[in-house]
Number of protein chains: 2
Amino acid sequence: MALAIKIDEESFTPRQQAVLTAALDLLVENGDGLTMTAVARRASCSKETLYKWFGDRDGLLTATVQWQAAKVRMPQVNRTGLNLSSLRESVEQFARDLLSVLIGEISVTLNRTAVTHAAQEKDSLGTIVLENGPLTIRRRLKPILEAGRDARLLRFASSEEAYRTFFGLVVRDVQIRLLLGDKTLKQTNIEADAKQATDHFFALYGYSATQ
Amino acid sequence: MALAIKIDEESFTPRQQAVLTAALDLLVENGDGLTMTAVARRASCSKETLYKWFGDRDGLLTATVQWQAAKVRMPQVNRTGLNLSSLRESVEQFARDLLSVLIGEISVTLNRTAVTHAAQEKDSLGTIVLENGPLTIRRRLKPILEAGRDARLLRFASSEEAYRTFFGLVVRDVQIRLLLGDKTLKQTNIEADAKQATDHFFALYGYSATQ
DNA sequence: GCCGAACCGTACGGTACGGTACGGCTATCG
DNA sequence: CGATAGCCGTACCGTACCGTACGGTTCGGC
């Protein structure tokens with residue numbers, strides 16, 4: 001399962017990106033509304049062109065998810081002058097970014113699309129979403145956590161396990177409720193939630209924690 | 001959104017339950033394989049009967065999800081003799097039950113079905129799954145938590161917030177990864193994970209915690 | 001033993017959509 | 001200026017599936 005995904009953002013011409021934008025819009029508006037005819041009409045192109053460029057419907061779907069997921073870039077975090085407060089600020093920034101992305105319509109749409117796709121013996125979209133979402137955040141957060149451990153600011157057995165707890169503390173039941181269309185979810189206060197998650201994380205993995 | 005769902009398990013005759021079982025099997029085998037023809041063939045009944053009993057395809061889907069979701073019943077937890085260790089055991093039991101259910105194929109299938117459904121401006125299935133999954137657990141756990149608080153074994157501002165943190169600590173990224181079809185997820189050790197989640201929960205909300 | 005109700009199996013209509021073919025328009029290049 | 005290539009718009013085909021109709025069968029009640 002090498003799955004050599006290779007999309008360097010410039011793989012698509014502007015015209016093609018316009019098509020992908022149209023496809024994404026249709027996905028957001030109505031998850032199952034991504035019909036080839038609808039995309040062609042929305043993008044003012046012919047279906048023949050769609051098939052020439054993307055092969056088939058699945059290719060268009062994959063290109064759309066891949067292209068959009070890759071655009072979700074977390075801001076890099078400052079690592080200079082590592083001390084407790086700067087580390088804390090970095091972690092809290094990650095929590096904020098994670099929550100902001102997950103709550104967004106685009107994230108909900110992409111995750112729903114990938115889940116639907118995964119319900120049909122296909123997991124390519126799920127892999128893409130996981131790779132560009134949680135795993136990207138994990139890759140970025142991991143060195144921060146390990147730097148914190150090396151500086152005796154954090155203690156944990158494996159950074160993998162620490163990251164997953166962090167994920168749970170931040171996301172809680174927000175994502176699944178959004179994916180399921182729950183509208184009773186109060187407009188979460190990202191700032192406050194990120195702060196609390198960070199507090200909890202340091203309470204569990206801070207050096208003073210008994211663990 | 002009153003949504004007066006009322007299915008008292010006896011609402012369906014044995015024959016109808018056989019049909020629902022066939023429908024669920026098809027859903028598990030292949031998420032989008034639930035066609036009326038396939039269900040009719042699998043259950044050895046006629047399509048006409050399906051339409052007579054369930055109205056339309058959505059009715060069949062709803063009945064299947066509703067009927068199956070209602071069957072996921074957590075065992076009641078012993079509340080006699082509340083002390084720290086019994087409270088801890090109750091909480092850990094909830095963690096185990098929650099993980100066991102979420103990891104199961106049926107839960108994954110029902111959640112995927114509901115997410116797919118929610119991607120089409122419909123949220124009825126999502127509501128059913130939420131109601132019978134997380135919300136049921138929350139309803140059962142809440143009195144335990146509050147009893148623990150009254151006994152000075154726990155401290156938290158709102159049981160809602162405590163429950164959501166508990167959910168995050170237990171579920172972490174397991175559910176979303178399963179929904180997305182991630183196969184790299186190591187066979188999680190439910191016992192160990194539930195214990196760690198419980199440890200973390202008490203570290204954050206136990207009475208001795210500085211909070 | 002007859003009747004009606006329920007149900008099975010199947011055949012059929014309607015429709016939506018994936019994928020293809022083709023005529024026509026524009027533009028870039030020689 | 002002519003030609004070739006790329007693309008648009010649209011018509012078209014095949015298929016899959018929803019929903020309905022209908023003949024045949026079983027079974028309980030009278």
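Residue numbers begin at 1 in each chain, while the letters A, B, ... track the order of the sequences.
Side-chain contact between A:L60 and A:W53 is absent, with no heavy atoms from C-beta onward closer than 4.5 Å. Considering only heavy atoms from C-beta on, B:R164 comes within 4.5 Å of A:V174 through its side chain.
Between A:H200 and B:Y205, the distance separating the two ring centers is shorter than 6.0 angstrom.
The distance between atom CZ of A:R15 and atom C1' of D:dA5, rounded to the nearest whole Å, is 17 Å. Separating the CZ atom of B:R42 from the P atom of C:dG9 is a distance of 15 Å, rounded to the nearest angstrom. For the pair B:L50 CG and C:dC8 C1', the interatomic distance rounds to 11 Å; values are reported in whole Å. Across the protein-nucleic acid pair, B:F54 atom CZ and D:dC18 atom P stand 15 Å apart, rounded to whole Å. Spacing between atom CD of B:Q120 and atom P of D:dC18 amounts to 13 Å, rounded to whole angstrom units. Atom CG of B:D56 and atom C1' of D:dT20 are 14 Å apart (whole Å). One can place CZ of A:R57 at 16 Å from P of C:dA16, the figure rounded to the nearest angstrom. Put simply, CG on A:L34 is 17 Å from P on C:dA16, counting in whole angstrom units.
When all heavy atoms are compared, the tightest approach of B:S44 to B:R15 is O-NH2, 2.9 Å.
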Its contact letters, B for base, S for sugar-phosphate only and - for none at protein heavy atoms under 4.0 Å, make nucleotides 23-28 of chain C read ------
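An angle of 0°, rounded to 10°, separates the two end axes of the helix from C:dG1-D:dC30 to C:dG30-D:dC1, each defined over five pairs.
Between B:T49 and B:S46, the side chains place a donor N or O and an acceptor N or O closer than 3.5 Å (distance only, hydrogens not considered). Between the side chains of B:Q175 and A:Q175, no donor-acceptor pair of N or O atoms lies under 3.5 Å. For the residue pair B:T127 and B:S124, no side-chain donor N or O sits within less than 3.5 Å of a side-chain acceptor on the partner. Using modelled atom types, one finds no donor on one side chain facing an acceptor on the other under 3.5 Å when comparing B:D25 with B:T21. Of the N and O atoms on the side chains of B:R112 and B:T109, not one donor lies less than 3.5 Å from an acceptor on the other residue. Inspection of the B:H117 and B:D58 side chains reveals an N or O donor paired with an N or O acceptor under 3.5 Å.
Here the side chain of A:M36 is nearest to one of C:dG18, D:dC18, D:dC7, namely C:dG18. Out of D:dC8, C:dT20, D:dC18, the shortest distance to the side chain of A:K47 is found at C:dT20. The listed nucleotides are C:dG18, C:dG19, D:dC7; the one nearest the side chain of A:T35 is C:dG18. Taking only side-chain atoms of A:Y51, from C-beta outward, the nucleotide of C:dG18, D:dC7, C:dC7 with the closest atom is C:dG18.
Note on ring orientation: taking the six-membered ring where Trp is involved, the planes of B:F54 and B:F12 are tilted (angle from 30° to 60°).
A close approach under 4.0 Å does occur between a side-chain nitrogen or oxygen of B:W53 and OP1 or OP2 of C:dC7. Distances shown here put every side-chain N or O of B:T49 at or beyond 4.0 Å from the OP1 or OP2 atom of C:dC7.
Using a 4.0 Å heavy-atom distance criterion, A:R41 is classed as making no nucleic acid contact.
Nucleotides of DNA chain D nearest to B:S46 and A:K52 differ in position, and the one nearer the 5' end is that of A:K52.
At distances below 3.5 Å, at least one donor-acceptor pair connects side-chain atoms of B:D56 with backbone N or O atoms of B:G59.
Listed by residue number, there are no residues of residues 21-32 of chain A with a heavy-atom contact under 4.0 Å to DNA chain D.
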